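Okay, structure first, notes after.
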Amino acid sequence: MRPIVQTTECGLFSAVDPRTGTAIGTYREASAEDVRRAAAAASEASGSVALADRSRRAALLEVVAGALRERCEEIVSCADAETALGEARLQGELERTAVQLQKFSEIVEAGDYLEALIDLPDPEAKPTPRPDLRRMLVPIGPVAVFGASNFPLAFSVAGGDTASALAAGCPVIVKGHPSHPGTSKLVAETLRGAVSDCGLPDGSFALLQSSSAVVGEDLVERPEVAAVAFTGSLRAGRALFERASRRSCPIPVYAEMGSVNPFVVSRGALATRGEQIAEGLISSVTGSAGQLCTKPGLVFIPAGASGQAFADALGRSLGDGAPQWLLSEQIRDGLTACTAMLQALTEPIGEASSPNAPEDVSFCAQPQLFLTSAARLRERPEIAQECFGPVAVLAIYEHLEELCATLPRLGGQLTATVHSEPCEADAIRPLVSVLARIAGRLVFDGYPTGVSVTHAMQHGGPYPASTAAAYTSVGMAAIERFLRPLAWQNAPARLLPPELHDENPVRIAQRIDPPGRVRRWAA
Ligand code: NAP
């Protein structure tokens with residue numbers, strides 16, 4: 001097999017072991033020429049008959065899933081050394097990645113995602129005769145995917161963005177995240193092997209490895225690239241969005257940039273199951289060292305003695321927790337800056353040990369809780385910024401009306417959670433409608449972390465949670481980002497795709513208007 005990236009200039013970089021701070025492995029930086037060649041190959045693959053073949057793409061996704069499972073031990077061991085996320089979490093993530101690929105394989109095979117619509121002609125229609133119109137979704141073209149640091153498998157080289165873009169029929173060029181290049185290389189080898197085994201063109205998939213923003217910038221500028229999928233910081237997502245908008249031919253950027261995920265506990269819920277909620281919050285805030293974009297980072301608790309007792313107990317439990325490994329030096333430094341801001345503007349609860357002594361070579365953080373009030377949040381909105389790590393802020397509110405006035409100021413969120421009692425349903429209705437305006441997913445009496453890969457999942461939200469609130473980056477609907485509608489008017493049958501033929505030879509769901517005018521396949 002050909003190397004993943006043909007490098008013509010010899011810049012090198014390494015991953016860093018978060019547990020020791022030592023360099024592991026050496027990887028070549030992709031050059032401008034690599035970017036150009038990957039984009040040209042993707043463009044060529046984009047028009048290929050093989051990539052247009054749904055059965056072949058379904059087979060590819062299935063083969064990649066199986067091949068990843070076969071290499072699980074090797075991939076997980078490398079990912080653990082590069083991320084310190086732990087083998088159990090990474091094994092689960094590899095399985096999730098494989099299941100995700102298989103689910104996309106199923107929907108490609110079924111073909112319903114194409115949304116085939118057939119409006120039959122009507123020469124008698126008033127006020128004007130109606131033509132024969134047939135519409136379905138077609139691939140948008142080559143997609144640039146930016147791997148995320150916190151999911152080295154499920155949101156990286158063969159993660160949800162890649163799986164959904166390939167499923168749609170789009171070639172993919174991944175800009176690998178520099179914190180896990182060894183994992184990216186192993187997964188890319190697996191994917192390229194499957195591309196070749198399934199008879200798909202070479203340009204269907206490429207990985208560009210780099211530790212500098214230049215490669216990603218070049219990639220977004222390439223005229224062959226038709227869309228960008230990104231998971232990471234607001235700073236980087238916004239930079240890519242602006243770059244893509246400035247192109248002579250602007251393209252969509254589907255950037256998921258995280259959020260603080262407000263979590264509201266009602267007076268009734270606090271009284272009846274405060275302890276249970278605290279336990280759930282501890283695992284949701286500290287799971288994966290809090291490096292999850294759905295971590296509940298801002299928890300609203302009613303004022304009073306029981307709210308204060310809840311805050312004290314939660315602060316103690318978090319403070320007593322063991323220090324946790326962070327993914328990278330950059331994330332550790334970001335967390336240090338964020339906790340310094342919280343130290344200055346709020347009140348730490350529990351033992352507030354310094355998360356990172358400057359002489360530390362490893363990337364470690366102590367779980368921590370900070371206390372504030374809804375009123376203070378309105379005064380100092382920066383308290384509500386995302387703190388990526390095992391840290392949360394607890395805000396005391398006086399009454400639900402105050403909450404309804406405070407929450408809209410937080411801006412777009414991936415999730416919003418409410419814990420309440422059934423007898424409070426009417427009282428919390430206005431709160432739920434405020435949350436519905438700012439969030440992509442509402443969680444009731446549960447926890448926002450743990451995002452299921454299903455048809456109805458929504459992982460996105462109004463800006464700044466994402467740059468495209470109408471779409472999701474997790475779940476089967478993620479495929480919609482990489483499709484565009486195309487209509488055929490009065491097209492001769494032999495020039496129509498089989499999905500739009502009257503006889504429906506490929507047996508997909510078609511919506512026909514008026515119904516019953518064409519022969520349908522037997523169910
Ligand atoms: P990041 O800084 O956003 O970087 C993500 C990817 O974008 C990397 O491949 C990076 O490449 C690239 N990139 C960064 N700036 C760019 C630019 N101006 N132009 C082109 N490409 C650019 O994310 P991170 O390194 O994973 O973590 C940093 C912070 O992001 C965290 O502290 C956290 O706040 C946030 N984060 C959010 C999520 C989420 O789920 N939304 C996930 C992870 C992290 P280079 O590194 O090679 O420049």
Side-chain angles (χ1 to χ4, degrees), residues 11 13-16 18 27 29-30 35 82-83 85 144-152 154-157 159-161 173-181 183-184 207-222 225 228-246 253-261 287-295 297 326-339 341 355-356 363 365 385-391 412-415 440 448-449 451 459-461 463-467 472-474:
F13 73 101
S14 295
V16 177
Y27 302 90
E29 294 271 358
V35 179
E82 292 183 330
T83 65
L85 283 170
V145 169
F146 285 75
S149 57
N150 57 339
F151 280 91
F155 276 92
S156 193
V157 173
D161 290 332
I173 305 167
V174 175
K175 152 63 173 75
H177 197 286
S179 67
H180 55 260
T183 312
S184 297
L207 167 67
L208 299 169
Q209 298 260 44
S210 172
S211 63
S212 104
V214 177
V215 166
E217 289 168 356
D218 274 5
L219 186 57
V220 172
E221 298 276 354
R222 288 303 313 173
V225 170
V228 177
F230 168 91
T231 303
S233 64
L234 175 59
R235 182 190 53 79
R238 183 69 203 233
L240 291 172
F241 178 81
E242 281 168 11
R243 187 167 284 272
S245 309
R246 283 197 306 268
V253 174
Y254 301 105
E256 188 269 272
M257 302 172 295
S259 67
V260 77
N261 302 299
S288 300
Q291 300 163 115
L292 297 175
C293 49
T294 51
K295 179 197 75 177
L326 298 173
L327 290 159
S328 67
E329 187 175 8
Q330 190 196 10
I331 285 178
R332 182 196 64 183
D333 293 349
L335 182 64
T336 305
C338 200
T339 49
M341 177 274 292
N356 314 289
F363 311 143
Q385 71 180 254
E386 184 186 34
C387 244
F388 207 65
V391 167
Q413 302 290 324
L414 293 171
T415 72
T449 43
V451 184
H459 189 64
Y463 185 86
S466 85
T467 51
T472 177
S473 65
V474 177

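Both ligands and their constituent atoms are indexed starting at 1 by order of listing. Numbers here are sequence positions counted from 1. Since the model is a prediction, treat every value here as computed from it, not as a measurement. Excluded from the calculations below are hydrogen atoms, water molecules and symmetry mates; all remaining heavy atoms, backbone and side chain alike, are included.
Side chain to side chain, Ser156 and His180 meet the donor-acceptor criterion of an N or O pair below 3.5 Å. Judged purely by distance below 3.5 Å, without hydrogens or angles, the side chains of Thr294 and Asn261 never pair a donor atom with an acceptor atom. Side-chain contact check for Ser473 and Glu256: no donor-acceptor pair (N or O, by modelled atom type) lies under 3.5 Å. Glu29 and Ser212 share no donor-acceptor pair across their side chains, judged by distance under 3.5 Å alone.
Counting heavy atoms closer than 4.0 Å to ligand 1, residue Ala213 contributes atoms from both its backbone and its side chain. With a 4.0 Å cut-off on non-hydrogen atoms, Lys175 touches ligand 1 through its side chain and not its backbone. The proximity of Leu335 to ligand 1, defined as any non-hydrogen pair under 4.0 Å, does not occur for either the backbone or the side chain. With a 4.0 Å cut-off on non-hydrogen atoms, Ser212 touches ligand 1 through its backbone and not its side chain.
With respect to atom 33 (C) of ligand 1, the closest heavy atom belonging to the protein is Phe388 CG, 3.4 Å. Here the heavy atom of the protein found nearest to atom 46 (O) of ligand 1 is Pro178 CG, 3.3 Å. For atom 12 (C) of ligand 1, the nearest protein heavy atom (residue, atom name, distance) is Phe146 CD2, 4.3 Å. For atom 4 (O) of ligand 1, the closest non-hydrogen atom on the protein side is His177 NE2, 4.0 Å. For atom 39 (C) of ligand 1, the closest non-hydrogen atom on the protein side is Cys293 CB, 3.5 Å. Ranking the protein heavy atoms by distance from atom 19 (N) of ligand 1 puts Glu217 CG, 3.6 Å first. When only non-hydrogen protein atoms are considered, atom 20 (C) of ligand 1 lies nearest to Leu240 CD2, 3.3 Å. Atom 18 (N) of ligand 1 has Ala239 CB, 3.6 Å as its closest protein atom, hydrogens excluded (heavy atom only).
Every atom of ligand 1 is numbered from 1 in the order shown, and the set under 4.0 Å from a heavy atom of Ser211 is 47 (O). Residue Gly258 approaches ligand 1 through these ligand atoms, each under 4.0 Å from one of its heavy atoms: 41 (N). Residue Met257 has at least one heavy-atom neighbour below 4.0 Å for each of these atoms of ligand 1: 41 (N). Within ligand 1, the atoms closer than 4.0 Å to a non-hydrogen atom of Thr231 are 39 (C), 40 (O), numbered from 1 in the order shown. Near Ile331, meaning under 4.0 Å from one of its heavy atoms, ligand 1 places the atoms 27 (O), 31 (C), 32 (O).
A pairwise comparison of heavy atoms in Ala365 and Leu326 identifies CB-CD1, 3.7 Å as the closest pair.
In this comparison of Gly232, Ala236, Ser210, Ser473, the heavy atom closest to atom 37 (C) of ligand 1 sits on Gly232. Atom 30 (O) of ligand 1 has its nearest heavy-atom neighbour, among Ser149, Ala465, Ser233, in Ser233.
With hydrogens and angles disregarded, no donor-acceptor distance shorter than 3.5 Å links the side chain of Ser184 to the backbone of Gly176. Ser179 contributes no side-chain N or O that, together with a main-chain N or O of Ser328, makes up a donor-acceptor pair within less than 3.5 Å. Put simply, the side chain of Ser288 never gets that close to the backbone of Gln291: no donor and acceptor are under 3.5 Å apart. Without hydrogens or angle criteria, Lys295 side chain to Pro390 main chain gives no donor-acceptor distance under 3.5 Å. Gln209 places a side-chain N or O within donor-acceptor distance of the main-chain N or O of Pro181, the cut-off being under 3.5 Å.
Residues Asp161 and Thr231 meet the side-chain proximity criterion, which asks for heavy atoms closer than 4.5 Å.
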Trace of the side chain to side chain contact (heavy atoms under 4.5 Å, CB included) decision for Phe155 with Val474 = CA-CA 9 Å; Phe155 276 92; Val474 177; 3.4 Å; yes

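For the side-chain contact (heavy atoms from CB on, under 4.5 Å) test, residues two or more places apart in sequence or in another chain that qualify with Ala244 are Val220, Ile251, Val253.
Considering backbone and side-chain N/O of Glu256, one or more are found under 3.5 Å from N/O of ligand 1.
The distance from the CG atom of Leu240 to the OG atom of Ser245 is 10.5 Å, given to the nearest 0.5 Å.
In this structure, Arg235 counts as a contact residue of ligand 1, since one of its heavy atoms falls inside 4.0 Å of the ligand. Contact annotation: Ala148 has no heavy atom less than 4.0 Å from any atom of ligand 1. Residue contacts with ligand 1 include Phe230, since one or more of its heavy atoms lies under 4.0 Å from the ligand.
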